Amino acid sequence: MNSLPKGRIAVLVAAALALAMAAASLVLVLSDVAPTSAERAPVSQAQKLASPPAAARAGAAAPGGQAQATANALYRTGRLADANCAPGALPAGSMIAYRRFLTRVTNCLNKAWATQFRKARLPFSKPRLRIITKKVRTPCGAWNTGADGVYCSTDRTMYLLIGRDQLRNPFPLGISRLIAHEYGHHVQQASGIWNYFWTARSTAGKAGRLQLSRRSELQAECFSAVFMSTMKGTGLVNQSDWDYTVQWFYKNGAKGWPQNDHGKGPTQAAWMTRGFNRGAPGACNTWAAAARNVQ
């Protein structure tokens with residue numbers, strides 16, 4: 001059996017650590033889901049999402065109803081615009097480099113999705129990015145132990161916590177995928193998809209709420225993969241590292257979640273693969289997918 005070069009082993013170990021941390025920070029966990037332990041360390045997984053839109057809080061039907069999710073105009077816009085993203089290197093141990101890298105990736109996401117919203121004739125607004133080095137309280141609630149990132153819909157802000165582990169073991173593809181996932185929740189918010197989510201959740205039972213959460217999380221992961229596909233073949237997204245990432249989620253993506261609110265590992269991997277291969281938001285219509293495809 002051939003052995004891997006030491007350098008490659010080190011890269012894979014760092015990638016595995018980064019992916020474990022990234023998986024621990026995926027959001028949208030609903031208020032009725034309790035915290036649990038991550039695969040590597042006992043950390044709280046639960047993250048509070050902001051309050052639903054006013055119409056959903058009042059029990060009124062959101063404009064457009066279910067069609068906002070199942071037939072959103074974004075699905076008819078073709079491949080995601082290529083922002084020619086080149087965020088540069090992410091060396092270990094540099095917070096300045098981390099801030100620069102994440103800001104550049106966010107700028108790429110802004111360019112790509114702004115173009116897509118224009119195609120769909122939908123109003124677009126950029127999310128805010130806040131990079132923090134210690135836990136903060138957001139408008140969505142207290143920061144939970146172990147969380148690395150959250151999108152708060154109240155202030156439309158992506159919060160990313162960069163700690164010592166991330167600084168020691170940076171994995172550019174992994175952190176880019178994570179921020180693109182959180183951005184995917186902003187896309188759901190800005191496009192009106194979440195209007196239906198909140199309205200439907202207000203009358204659903206526990207099983208229904210879990211399925212709605214899976215549809216939301218799997219779509220955000222698919223949107224993330226669509227964005228990552230615009231950088232195929234670059235230094236950031238080479239095929240071997242992407243395949244490694246998808247396989248990691250296939251095996252580990254559901255670990256650490258107390259209930260099936262994010263989808264099973266193979267389901268997560270399937271939507272990642274679908275988004276990456278097709279490169280278009282229309283590939284990510286989890287709201288019209290059969291229940292068996294969002295398990």
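Keep in mind it's a predicted model, so treat the numbers as computed, not measured. Just so it is clear, the values below take in all heavy atoms, side chains as well, and ignore hydrogens, waters and symmetry mates.
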Test C108 against F227 for side chain to side chain contact (heavy atoms under 4.5 Å, CB included), laying out the working first.
CA-CA 9 Å; C108 294; F227 172 73; 3.9 Å; yes
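- Partners of T77 under the side chain to side chain donor-acceptor pair (under 3.5 Å) rule, at least two apart in sequence or in another chain, are Q116.
- In the hydrophobic cluster analysis, where Ile, Leu, Val, Met, Phe, Trp and Tyr join through side-chain heavy atoms closer than 4.5 angstrom, M272 is grouped together with I175.
- Y98 meets the ring pair (Phe, Tyr, Trp, His ring centres under 6.0 Å) test with no other residue; sequence neighbours excluded.
- For residues 280-294, the set of pairs meeting the side chain to side chain donor-acceptor pair (under 3.5 Å) definition, not counting sequence neighbours, comprises Q219-W287.
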Applying side chain to side chain contact (heavy atoms under 4.5 Å, CB included), run through W194 and S216 and close with a yes or a no.
CA-CA 8 Å; W194 263 4; S216 178; 3.1 Å; yes
Report the C-alpha separation of E182 and V150 in whole Å, then their side-chain angles, then the decisive distance to 0.1 Å, and conclude whether the side chain to side chain contact (heavy atoms under 4.5 Å, CB included) test is met.
CA-CA 7 Å; E182 304 303 347; V150 63; 5.6 Å; no
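- Taking the six-membered ring where the residue is Trp, W113 and F117 present perpendicular rings, their angle passing 60° and hence far from 30°.
- Crowding of R128 atom CZ: a count of heavy atoms from other residues, nucleotides or ligands under 6.0 Å not exceeding 12.
- Taking the six-membered ring where the residue is Trp, Y151 and H185 present parallel rings, their angle staying beneath 30° rather than reaching 60°.
- Every residue two or more places apart in sequence or in another chain was checked for a salt bridge (Lys or Arg N to Asp or Glu O under 4.0 Å) with R118, and none qualifies.
- Every residue two or more places apart in sequence or in another chain that forms a ring pair (Phe, Tyr, Trp, His ring centres under 6.0 Å) with F276 is listed here: W242.
- Pairs of residues two or more places apart, or lying in two chains, never qualify as salt bridge (charged side-chain N to carboxylate O under 4.0 Å, His left out) while including a residue from residues 267-288.
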